[in-house]
Every structure is written in structure tokens, then in C-alpha cells.
Amino acid sequence: MTDAASRIEALRDEVERHTYLYYALDAPEITDAAFDSLMRELRELERDHPELVTSDSPTQRVGGYVGEQFSPVAHQERMYSLDNAMDVEELGRWIDGVAEVVGEMPPLCCELKIDGSSIALTYEDGRLVRAATRGDGTTGEDITANMRAVKDVPLRLRPQAAEGMLDAAAPVELRGEVYMPRKSFDALNLAAEAEGKSPFANPRNAAAGSIRQKDPAITSMRDLSTFIYAVGDASALRVGSQWELLQWLKGAGFHVNPDVRLCESRQEVFDFCAQSLERRGELPYEIDGVVVKVDSFEVQQRMGFTSRAPRWAIAYKFPPEEKTTVMRDITVQVGRTGVLTPVAELEPVYVAGSTVARATLHNEDEVHRKDVRIGDTVVVRKAGDVIPEVVGPILALRPEGACAWEAPKTCPSCGMPVVREEGESALRCISIDCPAQSLERLLHWVSREAMDIDGMGEEIVGRLVEVGRLGDVAFYTLTEDELANLDTGRLSKDDKPIKLGRTVAAKLVCAIEDSKGRDFHRVLNGLGMRHVGKNTARQIAEAYPSMDALAAASEEELVGVYGIGEKVARGIWKFLRTPDNVDVIERLARAGVAMQAAQPDAGPGEKPLSGLTFVLTGSLSGLGMTRPEASEALEALGAKTSGSVSAKTSYVIAGEAAGSKYDKAVKLGVPVLGEDDLKRMLDTGQPPAIPS
């Protein structure tokens with residue numbers, strides 16, 4: 001037994017050493033076959049001596065299933081977001097500001113900004129005991145079983161690493177990114193497409209999805225990698241700077257990005273950023289910028305944090321990546337309001353983390369302004385690294401005979417003539433019977449922001465439209481028998497049509513019935529009146545709490561409602577005097593859909609957030625809710641929410657990846673709150689203190 005125990009321990013040490021050489025140093029000493037032989041011997045010994053198996057053995061990287069939901073994990077210290085510098089000038093101003101605060105230009109540590117998913121790894125007695133997602137920054141999800149399956153994550157710190165720790169037994173939380181290399185991402189999507197599954201949008205999403213699998217064996221097959229670069233509480237280590245931390249991490253067995261530079265001047269920082277941008281396409285993984293940090297931990301501590309980010313670090317974001325490709329065609333889509341939108345059909349090209357095959361051209365004027373023509377070689381980028389857009393053509397490569405695009409005179413969906421109203425750039429189909437508008441209107445009516453009819457997705461709605469059962473939103477006469485016998489358009493293994501079925505039909509009928517009692521403002525939003533979204537619908541419902549009262553209002557009276565201008569008022573007035581629309585509203589009312597606002601609660605006093613206006617920006621994933629859900633929760637407490645920032649805005653709530661609204665709030669001096677502040681407000685119902 002002693003011999004077996006000694007051999008097992010020796011094999012574990014040797015396997016971990018070669019794992020470190022392969023993943024952390026990129027310097028393997030033995031072949032894959034030799035490594036596999038060591039692992040095979042270790043597995044056999046542990047199989048024969050199960051009492052000697054420990055959780056940190058290399059054989060335990062892939063365990064069994066984890067629970068249906070991941071348990072919450074409190075981080076050692078909050079994992080903050082980073083403020084962004086969108087250009088070199090902004091980065092330079094931040095560097096100058098740091099020098100002014102510190103009293104001199106401090107050394108700055110520059111690292112590549114990996115486009116992956118944030119993780120936190122906790123070690124006790126040098127052993128991995130817990131792994132967690134970033135979550136909301138204070139609490140993440142326990143993904144320990146999955147991160148054990150990622151081969152470059154050390155299950156034990158290398159022995160010499162303990163020498164750098166003040167207390168080897170104290171827990172230490174180390175942080176970084178888990179990512180999927182480009183080659184692995186391409187292989188994963190090829191396999192998905194071969195199986196008829198939807199491909200991942202980009203490597204970041206693939207990595208995030210892979211570490212949240214219920215089965216760690218799936219995570220193991222996804223070929224993930226990590227870069228570790230931070231510590232939750234630096235006092236746990238005998239290191240005084242970011243540069244020293246990176247050296248310690250590498251010695252401890254972690255995969256540390258070699259592309260890091262300690263800079264003594266602004267120009268050195270600029271040079272590193274420029275070189276990183278130039279090499280972006282050559283790297284085997286995705287990056288979207290450079291992170292610049294004050295190197296000294298003592299100076300970092302002195303500079304501190306804002307409510308959402310450290311003052312001692314900033315992310316320099318690369319300008320949008322641009323690629324060239326051929327525009328094969330210009331097609332036209334019809335939206336739910338009848339607007340015709342030209343769309344560029346592109347030869348697929350990989351841009352900023354995903355494959356782009358289509359991009360909106362917005363409207364007829366934009367097509368002519370950019371002078372893009374079918375067959376052109378065009379420059380494509382992603383606005384904000386998210387939305388594909390065509391920048392323009394490369395005229396030198398224009399094929400001979402390429403003609404300017406002509407907008408259609410009739411609707412591609414229904415064939416009716418299209419119009420362009422005075423002062424507008426959009427072409428519009430005004431036919432109430434247009435099939436494209438019908439489908440889009442129906443999908444909007446059942447959507448979460450409108451009537452929220454659970455289960456009525458695009459597939460079922462589209463099929464009901466195809467078979468002629470749905471034409472408008474007054475579909476409340478649908479029966480369980482009709483839905484149960486609906487042909488889904490798919491065939492079973494024995495080539496028989498698949499019906500929707502009684503179970504699904506019963507749930508849909510209940511969901512349709514429940515929607516009749518939705519708030520009046522949801523009905524107004526769902527009807528799809530021009531220029532009336534969820535916020536405007538709420539303002540209208542406050543001023544005119546019933547359909548009868550709204551229908552009786554004049555254009556002039558509607559203009560007096562907060563947030564409604566002449567164009568919006570005219571659109572509402574016309575909509576409510578169009579016979580077809582009046583017929584739909586009357587049929588909805590007869591079916592029992594609420595056409596007036598619910599009576600307010602009889603409780604005394606105003607709601608706690610009355611009089612305050614909030615603007616939400618960025619992702620609120622840390623709270624487990626969408627921005628619309630957060631808006632509803634705030635409005636339930638009496639607040640107003642808006643889509644734009646002005647001097648009248650009370651607060652801006654900034655989540656992950658907050659954009660231009662955050663910048664405008666700072667410029668106007670509007671207070672900015674984080675996800676923690678929002679959670680506290682929703683939990684307590686108390687507004688934050690208003691700065692004097």
C-alpha cells in the first residue's frame with residue numbers, strides 16, 4: 001500500500017509538472033503519447049486503490065453531473081468592471097490624470113484584454129477548492145466541477161508558489177478569463193452545423209456557455225483555455241505590484257499571457273496599444289483592447305474605486321475591426337410598422353468575433369449616400385463591436401456595369417404600392433393586410449414587453465398565420481382543440497405530421513386567457529401604433545387611463561401629454577380613427593382584454609420612487625434580469641424610466657458594458673448608480689440619497 005501511495009503521488013506530481021510545461025510555458029518536454037501513458041498508469045493505480053483518490057488528482061478533472069442550477073458564491077473582494085477609453089486621446093487624458101493624482105508618472109502595466117468570460121479560482125492549502133463566474137461582481141455561480149475540466153487550471157499550486165504566500169493555508173482568490181481559441185471555436189461550430197444545430201455567435205459566448213454546462217464532460221470536450229492575471233486580496237501574497245503578481249502566477253502553475261509590458265511613459269503605453277492592435281488578427285484568441293493598470297498595489301490602494309470601476313485601471317478599446325467582402329445582393333425586409341429596410345446580403349466574413357453574412361443598409365437615402373451597389377467589394381465592421389454595418393464600397397474594385405440600387409415601388413410581401421411620407425427617409429407599406437406586417441405585429445403583441453403570452457413564439461404564431469387562423473391580434477377565440485390539432489409543419493420518424501398536442505395547447509390557452517388582464521399600457525404598446533413604445537405607452541395610460549378616454553382626445557390634447565410631440569400625437573389620433581384598427585380594438589374588448597387601467601392601490605402616500613426618472617444602460621446580467629424587467633420593477637415603485645439621458649434625469653443605472661448613455665451622464669453630472677445600488681433600491685423600496 002505504501003508503494004502504491006508513493007507511486008500515485010509521484011505520478012500526480014509528474015503529470016502536473018508536464019501540464020504546467022505544456023499549458024503555462026508552452027514548452028512540453030514529452031510527447032502526447034508519453035503523457036497519456038503516465039495518465040493511464042495513474043488511473044489504473046487509483047482504480048485499484050480507490051481509498052487513495054483525492055479531489056485534486058489530475059484524473060478528477062472531469063467529474064459527474066452538477067445540479068440543475070449553480071450555487072451562489074460570494075467573492076473574496078468585489079470584481080469590478082473597467083472604465084473604457086475609446087481612443088488614444090481619452091487614454092492619454094486618463095494617464096495624465098493618474099500622474100496628477102499620484103504626483104508623478106507611475107509605472108503602468110499593460111496587458112491584452114482577452115475577449116472571454118471572467119472567472120475566480122479559490123485555493124486553500126494550495127489546492128483548488130472553488131471556481132466561480134463573475135456574476136454581479138460580489139456573487140457568482142459555482143462552476144468548480146466544470147473548471148476542473150479545463151486542462152490549464154492547476155488543481156494544486158506548484159510547491160514553490162507557497163514561498164510567496166504570507167499564509168499558505170489562507171484562502172486566495174485568483175482571477176482571469178476563460179476563453180476558447182479561434183481554431184477550437186471554428187471546429188465547434190463546424191461540428192454543430194454538421195449535426196444541424198445552431199452555431200455559436202462568437203468565441204466569448206461559446207466559452208461562457210461551456211463553463212455553465214450541467215455535465216463537466218461537455219466542458220472538457222470544448223477545448224477551453226485560461227489567462228490568469230489578478231488576485232482578490234493582494235495581502236495574501238508577498239507581491240507588491242501587478243508585474244510581480246504575474247511572475248508569481250506563472251511560477252504557481254497558471255497560464256499567464258506573455259504579451260504584457262511594464263511602461264514608464266505615455267508613449268510606451270501608446271506603442272504597446274498600437275502594436276497589439278496591429279497583431280490582433282494574428283493571435284490564436286480574440287482580444288478587444290488593452291488593459292492599462294497602475295503597477296504598484298500601494299498606489300492602487302490609495303487611488304481606490306468609483307461605484308463601478310477602479311480608478312487605477314482602464315480598458316483601451318480597439319476601434320471597430322474592419323474587413324472586406326463582396327455584397328451579393330440587396331434584399332428588402334418589411335417590419336411590423338410597414339417600413340421597408342434594405343439589407344446587404346454579403347459573402348460571409350469573420351468580423352470582431354463572429355461571422356457576418358447580412359447587414360442593414362437602413363433606408364434608401366443611406367444606400368445612395370454610401371453608393372453601394374450589388375457586386376461591390378465593401379468594407380464591413382461592427383458598430384460598437386456588436387451590430388454589423390457596411391461602411392462603404394471600394395470603388396477601384398467595382399465590377400463593370402454595376403448599377404445604382406433602385407428601391408422597390410411595391411411591397412415585396414403583399415405587392416401593394418409603397419409610400420414615402422414628407423420629411424421621412426423610410427419607404428412604407430400602408431396595407432393593413434400585408435402578411436409581413438401581420439406576422440411582425442402578432443409577434444410584438446405576444447412579446448414580453450407587450451402582452452407577454454408565454455409559449456406563443458415565432459414558430460407557433462408563424463404556423464397559425466400560414467394556415468390562415470391568425471390575421472390580427474384579436475385571436476382570443478382560439479380553442480384548445482384548434483391548437484392541439486395544429487400541424488407544426490414537421491414530420492415524425494415515420495413521416496407523419498406532428499401535431500402541437502393537447503398538453504402544449506392547454507398551456508397556451510391558459511397563457512392567452514391570463515393576458516386579458518395585462519396592464520392597459522401593455523395593450524397600448526402591443527397595438528403597434530407608430531412611435532409608441534413601452535415608455536410612451538405608459539405616459540399615455542397615465543394621462544388617459546381608458547381606451548374610451550384616449551379615443552376621445554384631440555391631437556392638441558395628446559400633445560399636452562409629457563413626452564409626446566406633434567408627430568406622435570398625430571400618429572395616435574390617426575390610428576384610433578382607422579376603421580380596421582377600431583374593429584380590432586372592439587373585438588379585443590369583447591373578448592375581455594382590459595381596455596382601462598387598473599384602479600390604484602388604496603395605500604396612503606406616494607410610491608417611494610415617485611418623481612424620479614431613471615435611465616438604464618449596459619447589461620444587468622449580474623442581477624439575473626433584463627433591462628425591461630428592471631424598468632418594470634422601478635416603475636412599480638413609482639419611478640419613470642426613459643431611453644435617453646438629459647439634465648432632468650435623476651439617475652443613470654450602469655450595468656456591464658455601459659455605453660454612450662453612461663458617458664453622457666458623466667458629462668451632464670447626472671449621478672450614476674451600479675447594479676448593487678439598483679438591487680438595494682428594489683429590495684428596500686428606498687431611493688438613494690440625492691447628492692447636494
Side-chain angles (χ1 to χ4, degrees), residues 68-69 192-193 195-199 214 333-337 413-414 431-528 534 537 547 580-596 598 626 628-629 632:
E68 289 189 359
Q69 292 188 345
E193 290 169 2
E195 296 173 11
K197 298 178 181 178
S198 299
K214 293 181 180 179
Q333 288 183 334
V334 184
R336 67 179 174 86
T337 61
S413 176
C414 67
S431 170
I432 195 72
D433 295 322
C434 178
Q437 292 182 63
S438 175
L439 177 60
E440 291 298 325
R441 283 179 181 274
L442 285 163
L443 291 173
H444 176 65
W445 177 264
V446 303
S447 69
R448 181 177 292 182
E449 290 190 1
M451 301 303 281
D452 192 17
I453 303 180
D454 189 34
M456 288 286 280
E458 185 171 358
E459 183 178 359
I460 291 175
V461 172
R463 193 61 181 158
L464 287 166
V465 170
E466 284 179 24
V467 301
R469 186 57 185 84
L470 288 192
D472 55 49
V473 300
F475 53 73
Y476 286 78
T477 56
L478 278 170
T479 66
E480 186 175 320
D481 285 339
E482 279 184 287
L483 290 168
N485 291 311
L486 178 68
D487 182 349
T488 63
R490 300 193 302 272
L491 297 176
S492 63
K493 291 181 180 178
D494 53 358
D495 292 332
K496 291 182 179 180
I498 297 176
K499 304 292 185 181
L500 194 60
R502 185 68 57 182
T503 302
V504 175
K507 290 181 179 178
L508 282 175
V509 168
C510 287
I512 292 170
E513 186 67 24
D514 287 345
S515 74
K516 293 179 181 179
R518 297 285 184 256
D519 290 337
F520 181 48
H521 67 84
R522 285 179 171 271
V523 176
L524 295 177
N525 181 20
L527 286 172
K534 65 179 181 118
M547 189 63 75
D580 287 343
N581 298 338
V582 173
D583 175 64
V584 169
I585 292 170
E586 288 177 349
R587 284 190 284 123
L588 287 170
R590 286 197 297 272
V593 175
M595 289 294 162
Q596 62 183 21
T626 63
E629 290 169 342
E632 279 200 16

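The structure displayed is predicted, hence computed values, not measured ones.
- For the residue pair L478 and L483, the shortest heavy atom distance occurs at CD1-CD2, 4.4 Å.
- When the shell of 6.0 Å around CG of D454 is examined, it contains 12 or fewer heavy atoms from other residues, nucleotides or ligands.
- In terms of modelled atom types and a separation under 3.5 Å, the side chain of D472 and the main chain of A474 share a donor-acceptor contact.
- Side-chain atoms of V593 and R587, non-hydrogen and from C-beta on, never get closer than 4.5 Å to each other.
- Atoms SG and CD, from C414 and Q437 in turn, are 7.0 Å apart once rounded to the nearest 0.5 Å.
- Nearest heavy atom pair, residue G471 against residue S438, reads O-OG, 3.0 Å.
- Between V473 and the choices V446, V584, V523, the side-chain contact (heavy atoms from CB on, under 4.5 Å) rule is met once, by V584.
- When every heavy atom of A484 is checked against every heavy atom of A505, the shortest pair comes out as N-CB, 3.4 Å.
- Considering CD1 of I585 and CE of M547, their distance stands at 4.5 Å, rounded to 0.5 Å.
- When all heavy atoms are compared, the tightest approach of L464 to V467 is O-CG2, 3.4 Å.
- Counting heavy atoms of neighbouring residues, nucleotides and ligands inside a 6.0 Å radius, atom CD of E480 exceeds 12 of them.
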- Message: Test side chain to side chain contact (heavy atoms under 4.5 Å, CB included) on T477 and R469; report intermediate values, then the result.
- Response: CA-CA 10 Å; T477 56; R469 186 57 185 84; 3.1 Å; yes
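- Put simply, CD on E482 and OG1 on T479 are 4.0 Å apart, with the number rounded to the nearest 0.5 Å.
- Between atom CD1 of residue I460 and atom CG of residue L470 there is a gap of 10.5 Å, rounded to the nearest 0.5 Å.
- Here the CZ atom belonging to R522 is positioned 13.5 Å from the CG atom belonging to L527, to the nearest 0.5 angstrom.
- Note: N525 CG to H444 NE2 = 4.0 Å, rounded to the nearest 0.5 Å.
- Between R518 and A594, the shortest heavy-atom distance links the atoms O-CB, 3.9 Å.
- Between A450 and W445, the closest heavy-atom pair is CB-O, 3.5 Å.
- Surrounding NZ of K516 are more than 12 heavy atoms belonging to other residues, nucleotides or ligands, all under 6.0 Å away.
- Enclosure of atom CZ in R502 by more than 12 non-hydrogen atoms of other residues, nucleotides or ligands within 6.0 angstrom is indicated.
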